[in-house]
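Quick notes on the structure that follows.
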Protein chains: 2
Amino acid sequence: MRRVTIYSVAQACGVSSSTVSRAFSRPDLVNESVRQRILTTAAEMGYRPNRSARATATGRTGMIGLVVPDITNPFLPLLVRAVQRAAGLADWSVLLVDAEGDPTAESQLITQLQGQVDGLILASPRAHPVALREAIRDLPCVLINREIAGLASVICDNSAALASIGDHLLEMGHHRVALVGGPADSWVAAQRATTVRGWASRAGVILDDLGPFEASFDGGRAAGAALLTTDATAVFAFDDVMACGVLAELARRGVTVPGERSVVGCDDVLMARMVTPSLTTVTAPTDQLGSAAVDLLDRTIDEPRAGPENRTLPGTPALRESSGPPATP
Amino acid sequence: MRRVTIYSVAQACGVSSSTVSRAFSRPDLVNESVRQRILTTAAEMGYRPNRSARATATGRTGMIGLVVPDITNPFLPLLVRAVQRAAGLADWSVLLVDAEGDPTAESQLITQLQGQVDGLILASPRAHPVALREAIRDLPCVLINREIAGLASVICDNSAALASIGDHLLEMGHHRVALVGGPADSWVAAQRATTVRGWASRAGVILDDLGPFEASFDGGRAAGAALLTTDATAVFAFDDVMACGVLAELARRGVTVPGERSVVGCDDVLMARMVTPSLTTVTAPTDQLGSAAVDLLDRTIDEPRAGPENRTLPGTPALRESSGPPATP
DNA sequence: TTGAAAGCGCTAACAG
DNA sequence: CTGTTAGCGCTTTCAA
């Protein structure tokens, strides 16, 4: 009852180990009937290919590392699922690594992944670009929601969606809106802020620039409090989590939404539908982000010399209960 | 500029490859000064041990598989983090696998992990015990929040916490409460239901047994509607997600909480603090669950013949805004 | 404390 | 289409 290897299967089938190997990894190169025989006896014997052995032989582990800045951010589980699904289709396993909110941990963790994965997907990394590049070395790598020169990336462009929601607010009569910024070192936060500022100046809307706040529920509550010091009738929050914080703070103070203030989030995490009132937000194309990232990584691995590709996917507006016409005084 | 291996490092140091190998994996067996020299030149050369090669040689991958039923369930990211952290301390990598809500996928995915991981942690698996055992084979395995004869497990026992919250409700004057059951095939759901029923009969409280409902936000909304057909003044929901659904439905219908109905959840996910009113619930000892699971797995791997160990950790009550005295008619 | 050498299970030319 | 034969990078006896 020793371990089942290609050798034991080969012996049981009266073929050579290479044939068994081929039956699994290069099925087209082996006679159909022989292949069937091998496959069935292998199944009977309970054979499982040893991935590590294959990896030493081929130099490929069949694994990709997925590094997330903070798995408790509700946006990430959806992305993780999307990446896993796409990776599975390409017969890759995903090694998930959580930086637990610490930007410097990111680069360390990446370093540790060297020699363990064939490639890397970094979801909205917060680490310093220099540290990041150093950690990545020459591992094939794709960024999600961040751009760094020389690296492939997939980004979600929310500008059209945010502008469209802005226009909608304007039509409803909001002429003064607030912007709740995310963390100062966040690439997406900067993107979104720029977008909203651009829209406001184009639309001739007065913008109250609040923050930056911590990108958390409590950060959102603080932002909610800050919002009330302004005359803005609507607010763009950095993301849904913060928007939920804003909603909670407004509710606590008895401020009605959308009557007294309209609130807009970003990402469309599950929670956005669950809160009361449900949140007007921008839906990120999570599945496409994941599969695009895997797709790009695939190419980067196969053709390391090809220049880094960048792909942009648009978010879509989701108008819900938290936005509406301002109360007419 | 070829790949850096123990051989290149050995050559650069004027020692044999075995010595380099030992310098990393058995540091005590090599002369301190030699070791230092090896370590520094290895670092300079950018050497990274090849995990796959080590795995083929030792028969251990250094990876554990973590199978979750549905990563979008907000309880799981917290658990994932806890497991990862504990695993990292023991120098293990975690291969996360998401069954995307499909119980039969669980066993398939487990099968695929064979030969790829040294052990398995299954978080509240929903699959049939027979299928599960078959898939697991003789891979060391620890269950979280489910018991199956012959397998090690770590479970969170909420009975004391739920009873204590029940008693508190009773003291405040609730004499009729409802129970919103989770999915029929869920082990935890059955546990919790039994606990609440037991408490109710002991406390002499009338129990309205609703459900089972789908364990989702929408399931919770349905439950909220069902709740209003009863005279119960308080409700125990299967988990926080459902409880949030109940809250949302009650809010939609203008039913006040806790004035007209009190709502109790279970798990204490991030969302529980974010909803308005914040949710009275049972806090699961997530970190301990994770580290206990890793700890048990460690033992199971080291001493496969030792009988399966089972560990129980208590949840703790968290009284928040969603529970209070019933309106006096 | 170190080195030589034999594997670990699998793949990949290269012949046949 | 199939078998032979080297490795892949690392660990681990066994001697020295």
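The sequence lines fix the lettering, A, B, ..., with proteins before strands; numbering per chain opens at 1.
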Exercise. Stepwise, does the side-chain contact (heavy atoms from CB on, under 4.5 Å) test hold for B/Ser153 with B/Arg146?
Worked result: CA-CA 7 Å; B/Ser153 64; B/Arg146 171 148 177 201; over 6 Å; no
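- A salt bridge between B/Glu100 and A/Arg85 is present, with a side-chain N of the basic residue lying under 4.0 Å from a carboxylate O of the acidic one.
- Residues of residues 11-20 of chain B having a heavy atom closer than 4.0 Å to DNA chain D, listed by number: B/Ser18.
- Under the 4.0 Å criterion applied to side-chain N and carboxylate O atoms, B/Arg311 and B/Asp295 are assigned as salt-bridge partners.
- Neither side chain, B/Gln116 nor B/Gln112, offers a donor N or O lying under 3.5 Å from an acceptor on the other.
- We find that CD1 of B/Ile38 is positioned 8 Å from P of C/dG3, with the value rounded to whole Å.
- In this model, the phosphate group of D/dT11 is not approached by any side-chain N or O of B/Arg26 to a distance below 4.0 Å at OP1 or OP2.
- Between A/Arg22 and D/dT2 there is no side-chain N or O to OP1 or OP2 distance below 4.0 Å.
- Taking the side chain of A/Thr58 as heavy atoms from C-beta on, and the options C/dA12, C/dC10, C/dT2, the nearest nucleotide is C/dA12.
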Let's go through A/Asp138 and A/Arg305 carefully: what are the C-alpha distance in whole Å and the side-chain angles of both, what is the deciding distance for salt bridge (charged side-chain N to carboxylate O under 4.0 Å, His left out) to 0.1 Å, and is it a yes or a no? CA-CA 11 Å; A/Asp138 35 31; A/Arg305 56 182 53 207; over 6 Å; no
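- In this model, the phosphate group of D/dC10 is not approached by any side-chain N or O of B/Thr56 to a distance below 4.0 Å at OP1 or OP2.
- Summarising the geometry, the separation between CZ on B/Arg60 and C1' on C/dG9 is reported as 18 Å, rounded to the nearest angstrom.
- Look at A/Arg54 and A/Asp91 and you find no salt bridge, because none of the NZ, NE, NH1 or NH2 atoms lies under 4.0 Å from a carboxylate O.
- Taking atom CZ of A/Arg3 as the reference point, atom P of C/dC8 lies 10 Å away to the nearest angstrom.
- Distance CG (A/Asn31) to P (D/dC1): 7 Å, rounded to an integer number of Å.
- With hydrogens and angles disregarded, no donor-acceptor distance shorter than 3.5 Å links the side chain of B/Ser186 to the backbone of B/Pro183.
- Between the side chains of A/Thr312 and A/Asp157, no donor-acceptor pair of N or O atoms lies under 3.5 Å.
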key: Residue pair A/Arg81, B/Asp70: steps toward the salt bridge (charged side-chain N to carboxylate O under 4.0 Å, His left out) verdict   = CA-CA 9 Å; A/Arg81 166 169 292 178; B/Asp70 177 4; 2.6 Å; yes
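- Residue A/Arg54 contributes atom CZ, which lies 18 Å from atom C1' of D/dG9 at whole-angstrom precision.
- What separates CG of A/Leu29 from P of C/dA13 is a distance of 12 Å, to the nearest Å.
- Below the 3.5 angstrom threshold, one finds no donor paired with an acceptor across the side chain of B/Tyr7 and the base of D/dC8.
- The distance between atom CZ of A/Arg35 and atom C1' of D/dC1, rounded to the nearest whole Å, is 14 Å.
- B/Glu32 has its CD atom 11 Å from the P atom of C/dT2, to the nearest Å.
- Here B/Ser21 lies in heavy-atom contact (under 4.0 Å) with a base.
- Proximity of residues 39-53 of chain B to DNA chain C (heavy atom under 4.0 angstrom from any strand atom) is not detected for any residue.
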